[in-house]
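Given the structure is predicted, the values throughout are model-derived calculations rather than measurements.
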Amino acid sequence: MYMSTDEVRRAFLSFFESKGHQIVESSSLVPDNDPTLLFTNAGMNQFKDCFLGLEKRGYTRAATAQRCVRAGGKHNDLENVGFTARHHTFFEMLGNFSFGDYFKEDAIKFAWEFLTDVLKLPKDRLLVTVYQTDDEAFDIWNKQVGVPADRIVRIGDKPGGKAYESDNFWQMGDTGPCGPCTEIFYDHGDHIWGGRPGTPEEDGDRFIEIWNNVFMQFNRHADGTMEPLPKPSVDTGMGIERISAIMQGVHSNYEIDVFQTLIKATAEVIGYDDLSNQSLRVVADHIRSCAFLIVDGVMPSNEGRGYVLRRIIRRAVRHGNKLGAQGSFFHKLVGPLADIMGTAGDILKNQQAIVEKVLRIEEENFGRTLDRGMSLLNEALDNLQGNELDGETVFKLYDTYGFPADLTNDVARERGFIIDEAGFEAAMEEQRQRAREAGNFGADYNSMIKVDGKTEFCGYGATAGQSRISKLFVEGNEVSSLSAGDQAIIILDETPFYAESGGQCGDTGTIKTESGVFQVEDTQKLGNAIAHYGVLAEGVFAEGDSVTTDVDAKRRKAISLNHSATHLMHEALRRILGEHVMQKGSLVRAEALRFDFSHLEAVTAEELKEVERMVNEQVRRNHPIETNIMDVESAKAKGAMALFGEKYEEMVRVLSMGDFSTELCGGIHANSTGDIGLFKIISESGIAAGVRRIEAVTGEAALDYLDEQQAQYQQKMNEMASKAKTLEKEINQLKDKLAAKESANLTSNVKEIAGVKVLVAQLDGADNKALRGMVDELKNQMGSGIIMLGNVADDKVGLIAGVTKDLTAKVKAGELVNMVAQQVGGKGGGRPDMAQAGGSDAAALPAALASVDAWISERL
């Protein structure tokens, strides 16, 4: 019976829904608050605290189709991808889970029923394995399900290994939940080489594991202690690629519909004909992990998760280039991937443009150095003495050309060489140490504080209350009392203090008893408990004490305004920029809000202005901010926007602001949008390819920001005015100097008429305001005389006449300047000794000035 991969996925979820399981969406590939993992690598990751009894959900049975990546850390399949039939960087794990509900019997029966009744797999092609000492599982398979004893294989601990080191004793990491497991294998037939599990030929491809049922019975500690879990649970995993291969009648995972579609799309984009080439398989695999890592907020970088993503992208690009790819090609596979993933591709379709841009930019950046790096590598291999490439060259390729060591290893292996991994590791040690410190992946899960029980949160409508101390911790260790000065963590039965979540920072304030005061500096979640971090300022605290809780209400209010404004801004961005805008992170503090979102380019000044306008319009409308509790499906039906990667309970809080914004949110908010008062964006910037960041302020902080901006503006204006005044003074001084110089030059043109000195001259481009100073200077130089100056500046005529006082009885300056002005289309006048005028006919000025001599002669 042929089934597409999407049909297998839907059949699995539908079957377990019929068995009372809650269908839970795939969690993010970036594990939520789990420092032990680089990436989500199994379906149970999001349920780890449920298995430990630290988290209670509204269901005890769940089923998922979980996206997983294994390309770094303990589970690293990267080097095998493309060279084997079943290794992938990205895969989907179908899983059903029981949290203290059913156990081995139902888990085994469910698996058998789905495989043989729903998928119709022939029973004689299935065999199972159990842990060596798990007689209970053996008997269920044999006596209840009816699997013959010769098709049940007991698998013990590995020879020479530690206890519980067995293929049939499952543990996700060195510490944490674990237990025996039973695996189901499919026999592909005797025409394929390989032996049954437990035989020397088990690594062959004939018998393929398709489903692992883990019976979570223990919590393993770092010292090897196996602590029984409060309630035995079930964690199962079935790789969708492997079961799809069986349902589609093929042997290799790369022959199923998903990979065949991607392989053909890759070949078409590159222009390559041979669909059997292994490089096509590498590219087809890598586009899946790269695309979904970016969807979940991972961006290419040089450390941590971003470096792993960069390695995968560059490995794919290099294999594309081997096939003759010209220019950017990798990003063109996002569309075909989103389509072939069926229901699992919806989240990718919503962010397709962002994913494509990030991949294209990274590919183009790598392309600039790929040719030079490959040339250097090939040259080094051509001149190699022996068969090992030295670590220094491997490091240079990494450091200068961005070649990850495994990419260099790929190229070297293809030419029959190996690389000096130890030498490369030595050169990388300092950088690797920094990366370890920055990422802190690999922490002991049991070294983290874990608290049984739950703290009731009563802070949505209050900032103060009464409670009781249930637990105290100092330096990670539980204690019975605190003394003044102790840095500690306090767990209460109930609290109004909000624990950091969903981008909103934790509350601060005080916890008091009759004899002591604890200053709360931060509030965080520890499983279902709420932890108050701080210092005992005075007195003594003891477990069981009654306390008074008091949240810093002013700080809480400022935080709530910023949180509500974040919702309004998110919706405004989606309306103005497009529905591709998705939240990529946020930080809501009392001082300001920060919001990261997917967008292809810088937000323009006009767009930011429109976002501000739209948000402030909703503020002025003073919508009541309403909260309703409902199940997730009802919330989505109402149109509530869920943030991908956030963990939601079965019942969720739906926050509505009029008809403008509806989101799932467990944070603290204002009572109405009008409380926000004012919203002001203070910055917009890019933080990664395809991810932008906006910082903004509200309420009093917004008014303070505007006051500060106005003060800075006023200060700047005053400085500019002062500078302009200084410059104007300097200009006038220069003009006076120029006028003095020009007047000295003009004295050579003085003539005598009837024994009187007369100066008539035309200037071009002089400053009309400087003419008066020039005339005064000429009078001083001449002692006695008559001056008539004409000037043309900006096609306008400026006229000025000056007469020394001993001659004003005969010649008046006002009459002289008016006579000239009338000839150039103007008029003017003034005192007998000094007069100015203007005109519009510059062409008539020479003739007008030529008439001055005769006019003066008549009057002398």
Side-chain angles (χ1 to χ4, degrees), residues 1-9 11-12 15 77 80-88 91-94 108-130 137-138 140-142 145-155 166-168 181-213 236-264 274-278 280-282 284-285:
M1 178 176 69
Y2 178 92
M3 293 181 72
S4 70
T5 301
D6 193 45
E7 288 172 336
V8 171
R9 184 188 300 110
F12 178 88
F15 172 80
D77 293 337
N80 295 317
V81 173
F83 298 93
T84 68
R86 273 166 284 280
H87 276 101
H88 307 292
F91 61 96
E92 282 186 273
M93 187 66 78
L94 303 173
I108 289 172
K109 289 181 176 179
F110 287 155
W112 192 254
E113 181 182 351
F114 179 72
L115 292 175
T116 60
D117 289 356
V118 178
L119 300 188
K120 306 296 184 184
L121 297 186
K123 297 178 182 179
D124 60 358
R125 302 196 74 166
L126 300 175
L127 72 154
V128 298
T129 63
V130 298
F138 186 98
I140 294 171
W141 279 116
N142 181 237
V145 177
V147 176
D150 63 357
R151 297 189 70 81
I152 306 173
V153 181
R154 292 182 184 264
I155 304 293
S166 167
D167 289 338
N168 278 68
C181 64
T182 179
E183 298 178 326
I184 304 172
F185 286 75
Y186 182 81
D187 182 357
H188 277 275
D190 57 11
H191 63 288
I192 296 175
W193 182 85
R196 288 158 58 110
T199 68
E201 296 80 24
E202 67 179 357
D203 289 335
D205 280 341
R206 175 178 174 180
F207 294 90
I208 299 300
E209 175 206 339
I210 58 174
W211 203 338
N212 188 5
N213 283 257
T236 85
M238 177 166 58
I240 197 172
E241 294 83 5
R242 293 188 179 194
I243 191 64
S244 294
I246 294 170
M247 298 308 297
Q248 294 173 28
V250 296
H251 178 63
S252 168
N253 289 1
Y254 288 98
E255 297 177 75
I256 67 173
D257 54 350
V258 171
F259 280 108
Q260 284 299 296
T261 296
L262 294 174
I263 287 171
K264 291 175 183 176
D274 182 6
L275 297 183
S276 66
N277 191 291
Q278 286 181 322
L280 289 175
R281 292 164 55 175
V282 172
D285 169 272

What's the spacing between [X] [atom1] and [Y] [atom2] if we round to 0.5 Å?
X: Glu183; Y: Met238; atom1: CD; atom2: CE; value: 13.5 Å
X: Thr129; Y: Ile155; atom1: OG1; atom2: CD1; value: 5.5 Å
X: Leu280; Y: Ile263; atom1: CG; atom2: CD1; value: 6.5 Å
X: Met3; Y: Lys120; atom1: CE; atom2: NZ; value: 11.0 Å
X: Ile208; Y: Ile192; atom1: CD1; atom2: CD1; value: 8.0 Å
X: Met93; Y: Arg242; atom1: CE; atom2: CZ; value: 8.5 Å

Any non-hydrogen side-chain atom of [X] less than 4.5 Å from a side-chain atom of [Y]?
X: Asp6; Y: Asp257; answer: no
X: Ile140; Y: Thr182; answer: no
X: Phe91; Y: Asn253; answer: no
X: Trp193; Y: Glu201; answer: yes
X: Trp211; Y: Leu94; answer: no
X: Leu121; Y: Ile243; answer: yes
X: Leu126; Y: Ile210; answer: yes
X: Ile256; Y: Glu241; answer: yes

Heavy-atom pair of closest approach, residues [X] and [Y]:
X: Glu92; Y: Arg9; result: OE1-NH2, 2.6 Å
X: Ala245; Y: Ser252; result: CB-O, 4.2 Å
X: Trp141; Y: Trp112; result: CZ3-CE3, 3.5 Å
X: Ile184; Y: Ala111; result: CD1-CB, 3.8 Å
X: Ala149; Y: Asn142; result: N-ND2, 3.5 Å
X: Asp205; Y: His188; result: O-CD2, 4.1 Å

Self-check item: Sidechain-backbone polar pair: Asn212 side chain, Thr236 backbone, donor-acceptor under 3.5 Å
Solution: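 Judged by distance alone, no pair lies under 3.5 Å.
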Quiz item: Is the side chain of Arg206 donor-acceptor paired with the backbone N or O of Asp187 at a distance under 3.5 Å, no angle test?
Solution: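 No.
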Exercise. Give me the ring orientation class for Phe259 and His88: parallel if the planes are under 30° apart, tilted from 30 to 60°, perpendicular past 60°.
Key: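 Ring orientation of Phe259 relative to His88: parallel.
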Quiz item: Quick one: does NZ or CZ of Arg196 land under 6.0 Å from the six-membered ring centre of Phe185, within 45 degrees of the ring axis?
Solution: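 Cation-pi check for Arg196 and Phe185: fails.
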